[in-house]
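This one's a predicted model, so the numbers in the text were calculated from it and none came from an experiment.
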Amino acid sequence: EAFLEQVHPDDRAYFMTLLRDALAGKPPPDRVEHRIITAQGVVKWVQLNTEFIFGDDGRPVKIVGTMQDITDRKRAEALLAESEERFRTVFEEASVSIIVRDKDTGAVIDANKAACKAYGLESPEKLKAAEIWDKPPYSFEDALALVQKAAREGTQSFEWRGKKADGSTIWKHVTLTPVYIGGVLRVVASSLDISQRVEVEEALAKSEQRFRGLLEKIPTVAVQGFGPDFKVFFWNQGSEKLYGYTQHEALGRSILDLIV
């Protein structure tokens with residue numbers, strides 16, 4: 001009874017259940033964790049390692065045990081749980097796509113809402129099973145090589161082309177970072193969707209190519225392109241005819257040497 005008075009009121013019912021089970025012949029657990037209240041009124045966590053001594057009739061006659069103060073460990077576990085909860089909240093609500101991968105196999109360990117949404121999927125489980133890879137150099141094998149490189153050498157950043165669930169293309173700027181999570185080294189892939197930027201750049205490149213093709217073939221109008229240093233980077237047929245220098249001769253030279 002004196003011992004039970006030391007047990008925290010919220011843990012007494014649990015402790016009494018263990019005692020009743022032991023008296024009924026049910027093997028007790030080897031160790032029990034519960035709270036006690038010291039004579040000074042301080043609440044502490046203890047780990048009780050018990051051994052029941054049974055009489056000839058099979059009923060326990062005494063309990064032999066040791067008690068260890070585990071208060072510091074319990075506090076550390078509580079802080080870790082709180083920290084993990086905060087991390088989970090930030091992880092889930094982040095607007096940036098985040099995928100946690102196995103450093104050796106590249107398998108998806110976890111993914112946040114933004115990552116699933118980016119690929120048009122509803123859950124990490126569906127992302128794990130989805131075919132989000134493209135042709136080389138954007139295949140799974142190429143991605144795995146980058147994941148393993150990040151695990152060995154540190155953070156890697158690059159642009160990547162993948163596939164959404166509907167088969168459409170998605171371009172992302174990806175950063176791979178090796179991070180210990182729960183004591184295990186993982187590779188965290190955080191990424192931003194740059195599909196619109198890439199589409200604009202591709203459209204501009206095609207437009208510039210068409211423009212160059214048109215101007216290069218006009219023999220009656222001389223058109224030159226040069227930078228702030230006056231070095232020539234464009235020289236069409238009209239310029240060749242007017243100034244007498246071929247495109248090969250003009251590119252890279254100063255415009256002042258060619259037309260002045």
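Cluster membership check: V187 shares its hydrophobic cluster with V108, using side-chain heavy-atom separations under 4.5 Å among Ile, Leu, Val, Met, Phe, Trp and Tyr. Both L256 and L258 belong to a common hydrophobic cluster when Ile, Leu, Val, Met, Phe, Trp and Tyr are linked at side-chain heavy-atom distances under 4.5 angstrom. Under the 4.5 Å side-chain heavy-atom criterion for ILVMFWY residues, a single connected hydrophobic cluster contains both L127 and W133. Taken together through direct or relayed side-chain contacts under 4.5 Å among Ile, Leu, Val, Met, Phe, Trp and Tyr, V198 and L192 form parts of separate hydrophobic clusters. One hydrophobic cluster, built from ILVMFWY side chains closer than 4.5 Å, cannot hold both I109 and F140; they sit in different ones.
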| Can you check side-chain contact (heavy atoms from CB on, under 4.5 Å) on K44 and M67, steps first, answer last? | CA-CA 12 Å; K44 288 183 174 291; M67 185 180 292; over 6 Å; no
| query | Would L146 and V174 satisfy side-chain contact (heavy atoms from CB on, under 4.5 Å), going step by step from the backbone distance to the final call? | reply | CA-CA 11 Å; L146 289 167; V174 181; over 6 Å; no
| message | Show, in sequence, the C-alpha distance, side-chain angles and deciding distance for V7 and R12, and conclude whether the side-chain contact (heavy atoms from CB on, under 4.5 Å) test is met. | response | CA-CA 6 Å; V7 176; R12 286 175 189 169; 3.8 Å; yes
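What you find for A189 and L176 is that their closest heavy atoms are CB-CD2, 3.4 Å. Closest of all the heavy-atom pairs between A151 and K103 is CB-CB, 3.9 Å. For the pair S123 and C116, the tightest heavy-atom approach, listed with the atom from each and the gap, is C-SG, 3.4 Å. When all heavy atoms are compared, the tightest approach of V232 to S254 is CG2-C, 4.5 Å.
For the pair N112 (side chain) and V96 (backbone), a donor-acceptor distance under 3.5 Å is present. Remark: side-chain polar atoms of W235 are paired, donor with acceptor, to backbone N or O of Y245 under 3.5 angstrom. A donor-acceptor contact shorter than 3.5 Å links the side chain of S239 to the backbone of V223. S97 places no side-chain N or O within 3.5 Å of a backbone atom of A114 that could act as its donor or acceptor partner. Between the Q148 side chain and the D104 main chain, a donor and an acceptor come within less than 3.5 Å of each other. Side-chain atoms of Q156 come within 3.5 Å of backbone atoms of G154 as a donor-acceptor pair (strictly under, hydrogens ignored). Using a distance-only test at 3.5 Å, with no hydrogens or angles considered, no donor-acceptor pair links the side chain of Q247 to the main chain of E240.
More than 12 heavy-atom neighbours from other residues, nucleotides or ligands sit within 6.0 angstrom of CD on E153. For CZ of F226, the number of neighbouring non-hydrogen atoms (other residues, nucleotides, ligands) closer than 6.0 Å is 12 at most. The local environment of CZ in R31 is sparse, with at most 12 non-hydrogen atoms from other residues, nucleotides or ligands closer than 6.0 Å.
With contacts defined as side-chain heavy-atom distances shorter than 4.5 Å, the pair Q68/R73 does not qualify. At a threshold of 4.5 Å between non-hydrogen side-chain atoms, the residues P9 and I37 count as touching. With contacts defined as side-chain heavy-atom distances shorter than 4.5 Å, the pair F233/K231 does not qualify.
The only member of K128, R88, R101, R186 that meets side chain to side chain donor-acceptor pair (under 3.5 Å) when paired with D110 is R88.
Taking CD1 of I259 as the reference point, atom OH of Y243 lies at 4.5 Å (rounded to 0.5 Å). Note that CD1 of I98 is 9.0 Å distant from CD of E92, once rounded to the nearest 0.5 Å. Separation of atoms CG (L242) and CG (N236) is listed at 9.5 Å; rounding is to 0.5 Å. Interatomic distance, CH2 of W171 versus CG of D134, reported as 8.5 Å (0.5 Å rounding). H173 contributes atom NE2, which lies 13.5 Å from atom OG of S195 (distance to the nearest 0.5 angstrom). For the atom pair S190 OG and K172 NZ, the distance stands at 9.5 Å (nearest 0.5 Å).
Aromatic pair H34/Y14: centroids not less than 6.0 angstrom apart.
Relative orientation of the F158 and W160 rings is perpendicular, given thresholds of 30° and 60° on the angle between their planes.
Using a cut-off of 4.0 Å between Lys/Arg side-chain N and Asp/Glu carboxylate O, D142 and R161 are scored as not salt-bridged.
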